[in-house]
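Encoded as structure tokens, the structure appears first; notes follow it.
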Amino acid sequence: MARDTFTVEDVNPKHGFARLRPDSGEGLFNAPLYPEPESGAPPFQLRAGDRVTGQRRGQSVADVAWVSRVEPPYELVERMGELLAKLEPWELKVPATAMELAEHHWRDSREDPLRQELLSQLPTFFDWELSHPFKDAALLERLEAAMQPYLPGFAVKPLQGRNAFVLDPGSVEVEVGEGDWDAPATTFAPLLLRVNALLESAGAPVRWVPAENDWLLTPPGLAELLVLHGVLGPR
């Protein structure tokens, strides 16, 4: 079936479509904001100025494929380059260029290589790939293991019949929130806040930092850097 060539006129992320102007003919045609995953195309959304091909179907365009993509703003590329440079002292390696990271960020990529790579190198409190936190039998064991370099002998045990834990050394009791299946981080927040207080008292260089529906064990300065550059927190 014949394919036509189009230029992306504008995009509507709220409703998930783009408007395409054909090279031949008149009018605007609707297309999905993202090319179909089955096409093997990068997981980027369309941006105004992109050149694409596709098959007209009434007032829509299907089977969209890129001819060329406009580059992300130079300022964003610079910012990603600065972030990569600032990550080096923390010994965090990201196998991507500033241009690649900027394009993922600017096009609201369905993937996020920067976030994925950094989170793979930083300890997390939950292991979502293993199971939901409320069903994760190894959750407290991982917490204990992560604390040993900073708080030798640290241990945490649940108290039977109560929403509480006891921390050692010191037999410190910590009440936690009611279970929320959709937001388990809020349940464990009081526990990790208390652990952070112990880390601070011990002069440890790391803290448990909120990261969406999880917590990361990271130096506070690194966490601030990641928040500043949009790696942690809402995108």
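Side-chain atoms of Pro113 and His104, non-hydrogen and from C-beta on, do get closer than 4.5 Å to each other. In this structure the side chain of Pro13 reaches within 4.5 angstrom of the side chain of Leu33, judged on heavy atoms. Taking the side chain as every heavy atom from C-beta outward, Phe6 and Val67 never approach each other to under 4.5 Å. Looking at heavy atoms from C-beta onward, Val61 lies out of side-chain contact with Val52 at the 4.5 angstrom threshold. The shortest distance between side-chain heavy atoms of Asp50 and Arg107 falls below 4.5 Å. Side-chain contact check for Pro72 versus Met80: every heavy-atom pair is 4.5 Å or farther apart.
Annotation for Arg207 and Pro205: closest pair NH1-C, 4.3 Å, computed over non-hydrogen atoms. In terms of heavy atoms, Phe154 sits closest to Gln148 at O-NE2, 2.9 Å. When all heavy atoms are compared, the tightest approach of Ala204 to Tyr150 is CB-CB, 3.9 Å. The minimum heavy-atom distance linking Val174 with Pro190 is given by the pair CG1-O, 3.6 Å. In this structure, Thr187 and Asp180 approach most closely via the heavy-atom pair OG1-N, 3.3 Å. When all heavy atoms of Pro133 and Pro184 are compared, the pair lying nearest together is CG-CG, 3.9 Å.
Here the CG atom belonging to Leu114 is positioned 7.0 Å from the CG atom belonging to Leu84, to the nearest 0.5 angstrom. With values rounded to the nearest 0.5 angstrom, Leu20 atom CG is found 10.5 Å from Thr53 atom OG1. The CG atom of Leu225 lies 8.0 Å from the CH2 atom of Trp90; values are rounded to the nearest 0.5 Å. The CG atom of Leu130 sits 5.0 Å away from the CG atom of Asp136 when rounded to the nearest 0.5 Å. In this structure, CG in Leu28 is found 11.0 Å from OG1 in Thr7, a value given to the nearest 0.5 Å. Residue Glu173 holds its CD atom at 5.0 Å from CG of Leu159, rounded to the nearest 0.5 Å.
Residues Leu92 and Leu101 fall within the same hydrophobic cluster, defined by Ile, Leu, Val, Met, Phe, Trp and Tyr side chains chained together at heavy-atom separations under 4.5 Å. Cluster membership check: Leu83 does not share its hydrophobic cluster with Tyr74, using side-chain heavy-atom separations under 4.5 Å among Ile, Leu, Val, Met, Phe, Trp and Tyr. Using a 4.5 Å cut-off between side-chain heavy atoms of Ile, Leu, Val, Met, Phe, Trp and Tyr, with links allowed through other members, Leu139 and Leu198 fall into the same hydrophobic cluster. A chain of hydrophobic side-chain contacts below 4.5 Å, direct or via other Ile, Leu, Val, Met, Phe, Trp or Tyr residues, connects Val156 to Trp215. Residues Val166 and Leu193 fall into different hydrophobic clusters, defined by Ile, Leu, Val, Met, Phe, Trp and Tyr side chains chained together at heavy-atom separations under 4.5 Å.
Counted within 6.0 Å of CD on Glu71, heavy atoms from surrounding residues, nucleotides or ligands total 12 or fewer; the atom is thus considered open. Counting heavy-atom neighbours within 6.0 Å of Glu200 CD, excluding the residue itself, gives a total of 12 or less.
Between Phe188 and Phe165, the ring planes lie tilted relative to each other; the angle falls in the 30° to 60° range. Ring planes of Trp128 and Phe126: perpendicular class, angle over 60° (limits at 30 and 60°).
Without hydrogens or angle criteria, Arg3 side chain to Asp63 main chain gives a donor-acceptor distance under 3.5 Å. The closest donor-acceptor contact from the side chain of Arg47 to the backbone of Trp106 lies under 3.5 Å.
Residue Trp208 is tested with Val195, Asp214, Leu216 for a side chain to side chain contact (heavy atoms under 4.5 Å, CB included); the sole match is Val195. With Asn30 as the partner, the side-chain hydrogen bond (donor to acceptor under 3.5 Å, both in side chains) test is satisfied by one option alone out of Arg19, Gln59, Arg57: Arg19. Paired with Leu217 under the rule side chain to side chain contact (heavy atoms under 4.5 Å, CB included), one option of Leu192, Thr124, Val206, Asn196 passes, and it is Val206.
Under 4.0 Å is where a charged nitrogen must lie from a carboxylate oxygen, and between Lys93 and Glu117 no such pair does. The residues Lys157 and Asp168 are annotated as not salt-bridged, no charged nitrogen and carboxylate oxygen being separated by less than 4.0 angstrom.
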Audit row: Leu222, Leu122, side-chain contact (heavy atoms from CB on, under 4.5 Å) steps and yes/no: CA-CA 11 Å; Leu222 175 57; Leu122 297 171; 4.1 Å; yes

side-chain contact (heavy atoms from CB on, under 4.5 Å) between Asp23 and Asp4, worked out: CA-CA 8 Å; Asp23 283 3; Asp4 295 301; over 6 Å; no

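A cation-pi arrangement, defined by a distance under 6.0 Å to the six-membered ring centre and an angle within 45 degrees of its axis, is absent between Arg69 and Phe44.
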